[in-house]
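Note sheet for the following structure.
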Amino acid sequence: MPIKDTRFIQESGKVMMLGNEALVRGCLEAGVSYISQYPGTPTSDIGEYFHQILREIPDIREYLVHHWAVNEAVATSACAGAAWTGVRSLNPMKHVGLNVASDALSVIALNGPNPGGMVIVVGSDPGSLGSHQEQNERFYAWMFHLPTIEPHTPQECKDWIKLAFDLSEKFDLVINFRTSTRSAHSRGYVELEPLMMGKRKGEFIRNIPKYNSLPPHAINNHIRLYERIEKLRDCIPELGLNKIYKGTNKIGVITSGMPFGYAMEALDQLELNDVPILKLGMVYPLNYTEITEFLNDLEKVVIIEELEPFLEVKIAEIIQKAKMNVEIIGKNYFPSHDEFSTGLVTTALAKIFRKEPNTKIINAIEYFNSYKDLIPSRFPTFCAGCPERATLYSILKATNHLENTIISGDIGCYVMSFFPPQQCSDLVICMSGGISAAIGMAAKTDQKIIALIGDSTFFHTGMAPLAEAVGYNSNLLLIIFENSWTAMTGHQDDVLRYLTNKGFSIEKICSAIGVPWLKVEDSYNPKKLTKSIENALETEGLKVIIVKRECALQANRWRMSQVRKLEMEGQKVQDTSYFIGGCQMCYECARVLSCPAIRRVETDGIEEMQIDQDRCVKCGVCYEVCPNGAIRKSIVAMEGVEVPFREG
Amino acid sequence: MHGLAQREGAISSHTRYQKRVVDDERKNLHSSIICYGDADLFICFEPSEALRRGIFASKKTTFVLNSRTIPGIMITANLEEYPPIEKIKEILNGYSDHVYFMNATELSLEHFNSNHYMNLIMLGLAIPTGRIPFIEIQNYEEVIKEWLRNADENIKALHLGIDEGKKIINTRKS
Amino acid sequence: MEIEETDIINIVIAGTAGQGVITLKRLIEYAAQKAGIERVFGSEI
Ligand SMILES: Cc1ncc(C[n+]2csc(CCOP(=O)(O)OP(=O)(O)O)c2C)c(N)n1
Ligand code: SF4
Ligand code: SF4
């Protein structure tokens, strides 16, 4: 972590930034004054940078407000609300967040963000690098008429987000700034420009036809939306977002965003430096003249875009309307799934341009394929000491390894439940999809049903389905992981924190909603938790167990900082360690709990389990569960100060 | 930091740089990920991770590796096998002669009583291979002082890595 | 091997979560900036 990071606040200079950092810098240069977002890769760190800035320069708080919203729908409407008081608002979300926000956005787009400006940042994720699915959310741009900008470099992230705000204000349109996991986390130099303070206060001015959508206003606003988008369409060539690289080849390329980089490098490798290229900075709407002029001298045009064909369809529409004779090459040569790479694009372009395939790439693929089956799998798994992993252990014990039991999973760190060896999740839909699916299952099967949910997901969209489950007294057990963080996305300051500071708690909500059977347990006490799950599953109707235990990663960070502090003060600190002696190789800790701090070693032909002292966080769960008493606990410096994990 | 990719999972990153840009603008536009076979240097903190990213390597690649393995839960559970270290070496030698192992984790534990300095020790091994050109040791030192906690230890770790690294590389040359 | 100033240097850093892959990547990039390297780019995942 940087100690002296002035990149966001220095007035000028050239600095190195990630795409997301540059985007934040651009917002500060554009005078943004309200940001609301629910975290999600690859946009979570945007909020973290704003938090860092607000922490370091408290004076700015009057002009800049950042909210971690409970969910994307709330964040999007909150940003519209702020824009309607005349300020500039920013609404980052991951690609699936747009699905949640879409209902609100469909109306906000119609009404328009004026007098302020509103930009949504949608982090797409081709290749599902940090998500549970991949989708081409560009189609929302078409559906709701969201002008869509796609940056390639950090410099473009900074410069174009500023432009996005100008366009939003000028044309009364919500601008969609579409990044990707790759562009958000790619680095480069950024030339800075002066900062601009956001508005301290705005004012809402009543305008019933603009802000109320029902006929006749809904229809009028729809007509107005077409007028606004057409005005923008006309001036696209002057915006400097799209760029043509000239060439004499009769086959041209149209691309945008990260695929532009793959395409340029691929053409260079194939020595095809005469190919004309149109790089689109704005992928929606398209300016017909700009496109037809580019196509004019071409016989064929290659569209290089990830996921479902969007540009291909829009360009085909233009070719058809202009009655041009240009062949479109797109998804017949490029996949509609997964992330692209220079290697993939080079291989496809070699075929299209009838070039010899690149031997360097072919050799690399072939040699890699010759040994790739030997590579041990390393899927993400719960951290050492994770309370969620320990809960799965208790679930496996209480159900005799899921006998006649369905686990309706959900999204948070516990999305990893389905991985072996625990394999403790039968399905995952979307945030709160687990409890919702469980309600339907409970209505139709007598199997035992356990639904999982985390605290952040509970606040996101989980309370409504829980209320429904109470209403129907659905025969299911809901396990709520109260780990005090939105852990999966990098430990954002949970909504839970500001709610609990006001005396709010998940138990109180569950009781108030009317949950008939409610227990609070600790997964670091696996025997008691197992018993509690057994009892719950023997009871008819709705049951809720709240597993209260802080995320081990955060808890350990906190604990270590306490230890460091005490040691600096010259105090002696008590240290507990766990070690294994007399291991019987029963695999309870390795296959049922499967803590990653435990490894199997062979010394002189004898196999045994061993604990990696540098990775163990001392949760003590393996010590509790070892059936042979082979896991031992030793306390060093007994007389020293004890630093336990913090409670609640 | 970036979501699903962590939690004990495999992590990799690509760094690309060019001392001087060329005049032809078209030739200065590249992808932020390296093309298959194009890596000059692999710095691997765990041996099997070199294989996982092997598609980016070729005969021009130099490999520096931390020899400490992290087997992962499937191997501990005896449901999968970790390839023998000799096999990993053989595969990497199939790329190039420049494959250097060092027990950086052990060195870190031994000298600093913590595994946190392994990455700087590994940078130390990478520098004498000459595959991170145009960057001076004092450039790293300046950045460490500005950006990292425990700067003194990190600088010490870097030099420890360089000293140990030179030994490893020179033994191989002689 | 001769290295030209206009060559692109490509470095892969690989490891597992918590080993400091990203820290080392950033360190090299910032050091490159200090060394007056004209272009630095790359991807963090
Ligand atoms: C609609 C939507 N928004 C955001 C995300 C990104 N996301 C995945 S998991 C998660 C956090 C879940 O937190 P919590 O339920 O508390 O579980 P934890 O990770 O703390 O175990 C988020 C925000 C998503 N998958 N879907
Ligand atoms: S980040 Fe926290 S909740 Fe997530 S796997 Fe690690 S310990 Fe468990
Ligand atoms: S005490 Fe046992 S279960 Fe807990 S982190 Fe250490 S090895 Fe893992």
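Chain A is the first sequence line, chain B the second, and so forth, proteins listed ahead of strands; every chain is numbered from 1.
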Sidechain-backbone polar pair: C:Asn10 side chain, B:Asp40 backbone, donor-acceptor under 3.5 Å: no
Chain C contacts, top residue of B:His30, B:Glu136, B:Lys27 (heavy-atom pairs, under 4.5 Å): B:His30
B:Phe63 and B:Tyr95 aromatic centres sub-6.0 Å: yes
Interchain contact, B:Phe42 with chain C, by part (heavy-atom threshold 4.5 Å): both
Distance-only donor-acceptor check, side chains B:Glu164 and B:His159, under 3.5 Å: no
Inter-residue atom distance C:Ile13.CD1 - B:Ser12.OG, 0.5 Å rounding: 9.5 Å
Side chain, backbone, both or neither of C:Gln33 within contact of chain B (heavy atoms, under 4.5 Å): neither
Between B:Glu49, B:Arg16, B:Lys19, B:Glu46, the one whose heavy-atom pairs under 4.5 Å with chain C are most numerous: B:Arg16
Nearest-0.5 Å distance that lies between atom CD1 in B:Ile162 and atom NZ in B:Lys167: 13.0 Å
Ion pair B:Lys145/B:Glu141, N-O distance below 4.0 Å: no
Leading residue by heavy atom contact count with chain B [cutoff under 4.5 Å; candidates C:Ile11, C:Thr16, C:Ile37]: C:Ile11
Separation between CD1 of B:Ile155 and CG of B:Leu148, rounded to the nearest 0.5 Å: 9.0 Å
Partner chain C: residue of B:Asn28, B:Ile132, B:Ile33, B:Leu65 with the largest heavy-atom pair count (under 4.5 Å): B:Asn28
Sidechain N-carboxylate O distance under 4.0 Å for B:Glu90, B:Lys87: yes
Under 3.5 Å: donor-acceptor pair, side chain of B:Ser96, backbone of B:Lys60: no
Atom group of C:Gln19 that falls short of 4.5 Å from chain B, counting heavy atoms: both
Residue pair B:His14, C:Phe41: steps toward the ring-ring contact (aromatic ring centres under 6.0 Å, His included) verdict: CA-CA 8 Å; B:His14 292 191; C:Phe41 54 116; over 10 Å; no
Proximal component of B:Arg53, with respect to chain C [non-hydrogen, under 4.5 Å]: side chain
Side chain, backbone, both or neither of B:Thr62 within contact of chain C (heavy atoms, under 4.5 Å): neither
Which of B:Val64, B:Asn139, B:Thr105 touches chain C most, by non-hydrogen pairs under 4.5 Å: B:Asn139
Note: B:Glu146-C:Lys34 ion pair, threshold 4.0 Å (strictly below): yes
When B:Phe134, B:Tyr140, B:Phe56, B:Tyr17 are compared by non-hydrogen pairs under 4.5 Å with chain C, the top option: B:Tyr17
Interface residues of residues 109-127 of chain B facing chain C - non-hydrogen atoms under 4.5 Å apart: B:Met118, B:Asn119, B:Leu120, B:Leu123
